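Here is the structure we will look at.
Everything numeric here is computed off the predicted structure, so don't read it as measured data. Just the heavy atoms: all of them, side chains too, but no hydrogens, waters or symmetry mates, feed the values below.
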Amino acid sequence: QVASFQGVAVRSLSTSSPHDHPEHGRLVYKGNLAKTVLGVKFFSYSTSIFNLFMMPYIMLKSGIGVESLLVQAAFYGLIGIFTFVTPVTLHILTKGYVIRLYYKDEADTYTAITYNAILAEKVTVFHQKDVKIPDITKMFTTFYAKTKSMLVNPTLFPNPQDYNHLMGYDKSSFFKFEDLEE
């Protein structure tokens with residue numbers, strides 16, 4: 001006879017929340033464009049690979065070799081732009097997009113997960129003191145972690161205090177309460 005657990009709440013034996021990572025810490029941010037960034041980069045890479053494999057066939061069937069030098073340069077330039085420049089540009093624009101951000105309280109360190117050039121997850125560990133806010137607002141940079149630019153959406157932090165601590169807003173005080181009393 002098999003015991004049934006229907007209707008009975010089974011409590012997990014784990015003491016950590018589902019958003020904790022054993023080596024990275026507590027999950028404080030999750031980017032909502034992670035799958036979109038991965039999909040766009042994958043599509044761009046796959047079309048570039050397709051172009052590279054189809055290029056010899058196109059050149060043989062189109063007779064581009066007998067045309068003028070100007071037509072050849074224009075044709076190869078156009079194909080080169082779509083084959084090489086587009087994926088490189090996409091990588092440069094999205095390499096700092098943080099897909100997940102973890103925080104370890106005891107060490108005051110953050111672990112940012114981004115995508116690298118081969119679409120694998122890249123781990124960047126930094127301290128809060130390594131965070132630099134750019135003087136001039138940049139399009140694809142929220143902050144610098146050491147020298148690496150990072151892009152996060154402040155509204156996606158479930159706890160606003162986590163964002164404030166990351167950016168150092170909790171340390172800097174424009175008004176001190178003691179100064180106001182005087």
Indicate the atoms forming the closest heavy-atom contact of [X] with [Y], along with that distance.
| X | Y | value |
| --- | --- | --- |
| A112 | M150 | CB-CE, 3.9 Å |
| T83 | I79 | OG1-O, 2.7 Å |
| Y29 | L156 | CE1-CB, 3.5 Å |

How long is the straight-line distance from [atom2] of [Y] back to [atom1] of [X], given to the nearest 0.5 Å?
| X | Y | atom1 | atom2 | result |
| --- | --- | --- | --- | --- |
| Y144 | I133 | OH | CD1 | 12.0 Å |
| T124 | K146 | OG1 | NZ | 8.5 Å |
| N51 | F82 | CG | CZ | 9.0 Å |
| H24 | I113 | NE2 | CD1 | 4.5 Å |
| L101 | F157 | CG | CZ | 5.5 Å |
| I99 | L151 | CD1 | CG | 12.5 Å |

Can you tell me if NZ on K30 sees more than 12 non-hydrogen neighbours from other groups inside 6.0 Å?
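Open: at most 12 neighbouring heavy atoms sit under 6.0 Å from NZ of K30.
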
If you count heavy atoms of other groups shown closer than 6.0 angstrom to CD1 of I118, is the number above 12?
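No, because the 6.0 Å sphere around CD1 of I118 holds 12 heavy atoms or fewer from other groups.
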
Main chain of V40, side chain of S44: is a donor-acceptor contact present, judged purely on distance under 3.5 Å?
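Checking the backbone N and O of V40 against the side chain of S44, no donor-acceptor pair under 3.5 Å is found.
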
Any donor-acceptor pair under 3.5 Å linking the side chain of S149 with the backbone of G96?
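Side chain of S149 to backbone of G96: no pair is present.
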
Do [X] and [Y] sit in one hydrophobic cluster, given that two such residues count as connected whenever their side-chain heavy atoms are within less than 4.5 Å of each other, even indirectly?
| X | Y | value |
| --- | --- | --- |
| F42 | L90 | no |
| F50 | V88 | no |
| M54 | I49 | no |
| V125 | Y97 | yes |
| F43 | F84 | no |

Quick one: side chain to side chain contact (heavy atoms under 4.5 Å, CB included) partners of K41, sequence neighbours excluded?
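Partners of K41 by the side chain to side chain contact (heavy atoms under 4.5 Å, CB included) criterion, ordered by chain and then number, come out as V37, Y45, H91, T94, Y115, L119.
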
Note, L93 side chain near M139 side chain (heavy atom, < 4.5 Å)
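L93 vs M139: side chains apart.
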
Hey, could you give me each pair passing side-chain hydrogen bond (donor to acceptor under 3.5 Å, both in side chains) that has a residue in residues 154-165? Not counting sequence neighbours.
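Sorted result for residues 154-165: R26-D162, Y103-H165, D108-H165, N153-T155, H165-D170.
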
Determine which pairs satisfy salt bridge (Lys or Arg N to Asp or Glu O under 4.0 Å) with at least one residue from residues 121-135, sequence neighbours left out, and list them in order.
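Qualifying pairs, neighbours excluded: R100-E121.
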
